[in-house]
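Because the structure is a prediction, the values reported are computed rather than measured. Each chain gets a letter, A, B and so on, in the order its sequence line appears, and its residues count up from 1. Just the heavy atoms: all of them, side chains too, but no hydrogens, waters or symmetry mates, feed the values below.
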There are 2 protein chains.
Amino acid sequence: MIVIDYRDRRPIYEQVVERFQELILKNLLEPDSQLPSVRNLAMDLSINPNTIQRAYSELERQGYIYSVMGKGSFVAENIRLVLNKKEEILNELKQLAKAAEEYGIAKEELINVIMDGVREE
Amino acid sequence: MIVIDYRDRRPIYEQVVERFQELILKNLLEPDSQLPSVRNLAMDLSINPNTIQRAYSELERQGYIYSVMGKGSFVAENIRLVLNKKEEILNELKQLAKAAEEYGIAKEELINVIMDGVREE
DNA sequence: ATAACTGTATTAACCACACTAGTACAGCTG
DNA sequence: CAGCTGTACTAGTGTGGTTAATACAGTTAT
């Protein structure tokens with residue numbers, strides 16, 4: 001479910017946050033379904049519970065999950081999150097298009113990449 | 001010429017590296033022209049010479065500049081660098097297009113962003 | 001009720017990394 | 001020779017991520 005990449009320069013808790021964001025946004029985790037407990041996930045990943053706790057706090061702050069004392073942490077349902085994500089992607093694209101223009105890449109070339117789909121990784 | 005953003009999470013030396021890459025790739029610094037000396041630039045930016053030294057070492061390693069003992073550091077000319085940068089941008093675009101597809105953004109929408117150019121920031 | 005599970009909070013320690021400070025050496029140039 | 005360049009090294013500082021241990025609060029199953 002969650003994989004930690006120790007070659008990744010970003011902190012562990014951030015990787016955990018990002019991974020759950022992805023799972024939730026793509027509906028791979030249904031709303032109100034329960035997340036692994038702080039201690040369990042920490043065991044699974046062989047890391048400290050505090051690190052998971054930090055990731056969960058962040059996810060809750062961002063509205064991806066909600067936590068209930070004594071019960072657990074659960075997936076929130078929030079349509080706005082998906083919309084925000086889409087907007088974020090389009091913004092990134094805008095930045096990228098700007099950079100491409102500055103380096104003399106034709107718009108046609110960008111469109112080719114998009115239309116070709118993604119074959120290899 | 002160079003500006004440091006202390007709110008940026010990335011280290012100073014990395015910001016310096018990136019800024020010079022940009023200046024060189026966009027031909028705002030001509031090949032064989034001299035860069036500010038390690039000590040001077042450090043003074044200008046009110047940071048430690050070692051930090052600039054580190055940035056310059058990295059830039060030399062990547063082929064953006066060359067340094068000569070006793071003389072200074074100079075802009076290298078390397079066509080491949082521009083090609084690499086373009087390739088890098090196209091790769092990022094490919095990744096972005098992939099993500100967009102996964103989140104249900106129509107290709108048409110992406111193309112709109114590209115064709116519209118960049119109006120506001 | 002009690003055990004076993006949940007989230008939450010706090011404190012201390014460790015470690016890696018960016019950065020600073022100071023000094024020194026090597027080489028070019030006026 | 002003085003003053004500039006790049007380069008190297010050591011030592012110290014501060015921050016941030018992570019670990020460790022403990023404790024408290026609340027739910028659930030037996």
Side-chain angles (χ1 to χ4, degrees), chain A residues 1-21 24 29-76, chain B residues 1-21 24 29-76:
Chain A
M1 194 184 220
I2 305 287
V3 178
I4 295 176
D5 180 4
Y6 285 99
R7 288 166 306 181
D8 195 326
R9 290 211 315 179
R10 294 174 320 164
I12 296 175
Y13 79 91
E14 233 181 80
Q15 293 184 44
V16 174
V17 166
E18 193 194 36
R19 181 68 180 128
F20 272 114
Q21 287 177 340
I24 293 172
L29 290 179
E30 291 192 359
D32 295 322
S33 65
Q34 187 165 4
L35 275 68
S37 78
V38 169
R39 293 174 180 80
N40 269 351
L41 185 53
M43 281 273 289
D44 274 12
L45 302 180
S46 301
I47 60 180
N48 195 281
N50 290 337
T51 304
I52 301 297
Q53 163 80 14
R54 182 163 181 184
Y56 279 15
S57 295
E58 184 61 18
L59 284 166
E60 187 169 24
R61 196 187 61 78
Q62 296 178 7
Y64 283 89
I65 69 174
Y66 61 92
S67 296
V68 185
M69 260 285 227
K71 301 193 71 173
S73 302
F74 306 87
V75 176
Chain B
M1 193 184 223
I2 304 288
V3 178
I4 296 177
D5 180 4
Y6 285 98
R7 289 166 306 182
D8 195 325
R9 288 210 318 178
R10 294 173 319 163
I12 296 174
Y13 78 92
E14 234 181 79
Q15 293 184 43
V16 174
V17 166
E18 194 195 35
R19 182 67 180 128
F20 273 113
Q21 288 177 340
I24 293 172
L29 291 180
E30 291 194 358
D32 295 321
S33 64
Q34 187 165 3
L35 275 68
S37 78
V38 170
R39 292 174 180 81
N40 269 351
L41 185 53
M43 282 273 289
D44 274 13
L45 302 180
S46 302
I47 61 178
N48 195 281
N50 290 336
T51 304
I52 300 297
Q53 163 82 15
R54 182 163 182 185
Y56 279 15
S57 295
E58 184 62 17
L59 284 166
E60 186 168 23
R61 197 188 61 78
Q62 296 178 6
Y64 283 89
I65 69 174
Y66 62 91
S67 297
V68 185
M69 260 284 225
K71 299 193 68 172
S73 300
F74 306 87
V75 177

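- In this entry the distance linking CZ of Phe74(A) with P of dC5(C) reads 17 Å, nearest Å.
- Arg54(B) places its CZ atom 9 Å from the C1' atom of dC19(C), with the value rounded to the nearest Å.
- Going from atom CD1 of Ile52(A) over to atom P of dT8(C) covers 13 Å, rounded to whole Å.
- Residue Glu14(B) is out of contact with every strand shown, counting any heavy-atom pair closer than 4.0 Å.
- Residue Thr51(B) places none of its side-chain N or O atoms closer than 4.0 Å to OP1 or OP2 of dC19(C).
- The 5' end of DNA chain D is approached more closely, in terms of each residue's nearest nucleotide, by Met69(B) than by the other of Arg39(A) and Met69(B).
- When rounded to the nearest whole Å, the span between CD of Gln15(B) and C1' of dC19(C) equals 13 Å.
- What separates OH of Tyr6(A) from P of dA16(C) is a distance of 14 Å, to the nearest Å.
- Gln15(A) has its side chain out of reach of Glu18(A): every pair of non-hydrogen atoms, C-beta onward, lies at least 4.5 Å apart.
- Here the side chain of Arg19(B) pairs a donor or acceptor atom with the backbone of Met1(B) at under 3.5 angstrom.
- In this structure, the CG atom of Asn40(A) is 12 Å from the C1' atom of dA4(C), given to the nearest Å.
- Residue Glu60(B) is in sugar-phosphate contact alone, with no base atom involved, counting any heavy-atom pair closer than 4.0 Å across all strands shown.
- Sequence order on DNA chain C of the closest nucleotides to Gln53(A) and Arg9(A) puts Gln53(A) first from the 5' end.
- Within the 4.5 Å cutoff, side-chain heavy atoms of Leu45(B) are placed close to those of Ile52(B).
- Mapping Leu35(A) and Ile12(B) onto DNA chain C by nearest heavy atom places Leu35(A) closer to the 5' end of the strand.
- You can see that DNA chain D meets the heavy atoms of chain A within a 4.0 Å-exclusive cut from dG17(D) to dT28(D), reading 5' to 3'.
- When each of Thr51(A), Leu41(A), Val17(A) is paired with Tyr56(A), the side chain to side chain contact (heavy atoms under 4.5 Å, CB included) condition holds for Leu41(A) and for no other.
- Ser57(B) comes within contact range of no nucleotide atom at all, as no heavy-atom separation falls under 4.0 Å.
- The shortest distance between side-chain heavy atoms of Arg54(B) and Val16(B) does not fall below 4.5 Å.
- Annotation: side chain of Phe20(A) is in contact with side chain of Ile2(A) (closest heavy-atom distance under 4.5 Å).
- Nucleotide dT11(C) holds its P atom 13 Å from the CG atom of Asn50(A), rounded to whole Å.
- Among the nucleotides dT8(C), dA18(C), dT20(C), the one closest to the side chain of Ser67(A) is dT8(C).
- Within the structure, the side chain to side chain donor-acceptor pair (under 3.5 Å) test picks out the following pairs touching residues 29-46 of chain B (sequence neighbours left out): Asp32(B)-Tyr66(B).
- For the pair Ile4(B) CD1 and dT20(C) C1', the interatomic distance rounds to 13 Å; values are reported in whole Å.
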